[in-house]
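What follows is a short report on a single structure.
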Amino acid sequence: KTKVVEADGHGTGWQFGNADAEGLKFGLWNALHTYKHYKESWTKIMRRCMKTDFSWELSAKKYEQVFHWAKMDDPFMKPWPFQ
């Protein structure tokens, strides 16, 4: 199942549900179809991609935030089925 994110006018590409050869082919077909038949949408996607920060610095900050949230509370210890 593939979702064309450009339909909402704010995406940077396509999502596809199955991480296999068929899912990849379907996603690639959508990209090529957009490139060939919807040049204006392709250009918008391309420009949004070039403006988006995909750096490790941004990812590292997100990981730091997750670890900070994880340490906020004590671990919940209630091993099932021994309650």
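Worth knowing before you read on, the calculation uses all heavy atoms, side chains too, and leaves out hydrogens, waters and symmetry mates.
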(request) Apply salt bridge (Lys or Arg N to Asp or Glu O under 4.0 Å) to Lys36 and list each qualifying residue two or more places apart in sequence or on a separate chain. (result) none

(message) Applying side-chain contact (heavy atoms from CB on, under 4.5 Å), can you list everything that pairs with His37, at least two apart in sequence or on another chain?
(response) His33

(request) Would you give the length of the straight line joining atom OG1 of Thr43 to atom OH of Tyr38, rounded to the nearest 0.5 angstrom? (result) 14.5 Å

(request) State which residues pass side-chain hydrogen bond (donor to acceptor under 3.5 Å, both in side chains) with Asp53; sequence neighbours excluded, sorted by chain then number. (result) Ser55

(message) Distance to the ring centre below 6.0 angstrom and angle to the axis at most 45 degrees; does that hold for Lys39 and Tyr35?
(response) yes

(request) For Glu57, look at atom CD and say whether over 12 heavy atoms of other residues, nucleotides or ligands are found less than 6.0 Å away. (result) no

(message) Is it the case that the side chain of Arg48 and the backbone of Gly11 share a donor-acceptor pair, with hydrogens and angles ignored and the cut-off at 3.5 Å?
(response) yes

(request) Find out if a path of hydrophobic residues (ILVMFWY) with successive side-chain heavy-atom gaps under 4.5 Å connects Tyr63 to Trp69. (result) no

(request) Would you mind listing the cluster partners of Trp56? Hydrophobic ones only (ILVMFWY), side-chain contacts under 4.5 Å, chaining allowed. (result) none

(request) Report the hydrophobic cluster partners of Leu28, with the cluster defined as I, L, V, M, F, W, Y residues connected by side-chain heavy atoms closer than 4.5 angstrom, directly or transitively. (result) Leu32

(message) Please list all pairs meeting salt bridge (Lys or Arg N to Asp or Glu O under 4.0 Å) that have one or both residues in residues 18-35, counting only residues at least two apart or in different chains.
(response) Glu22-Lys25

(message) Grouping I, L, V, M, F, W and Y whenever their side-chain heavy atoms are under 4.5 Å apart, do Leu58 and Val66 come out in a common cluster?
(response) no

(request) Output the distance between atom CD1 (Ile45) and atom OG1 (Thr34), rounded to the nearest 0.5 Å. (result) 5.5 Å

(request) Under the salt bridge (Lys or Arg N to Asp or Glu O under 4.0 Å) rule, collect the residues that match up with Glu64, sequence neighbours excluded. (result) none

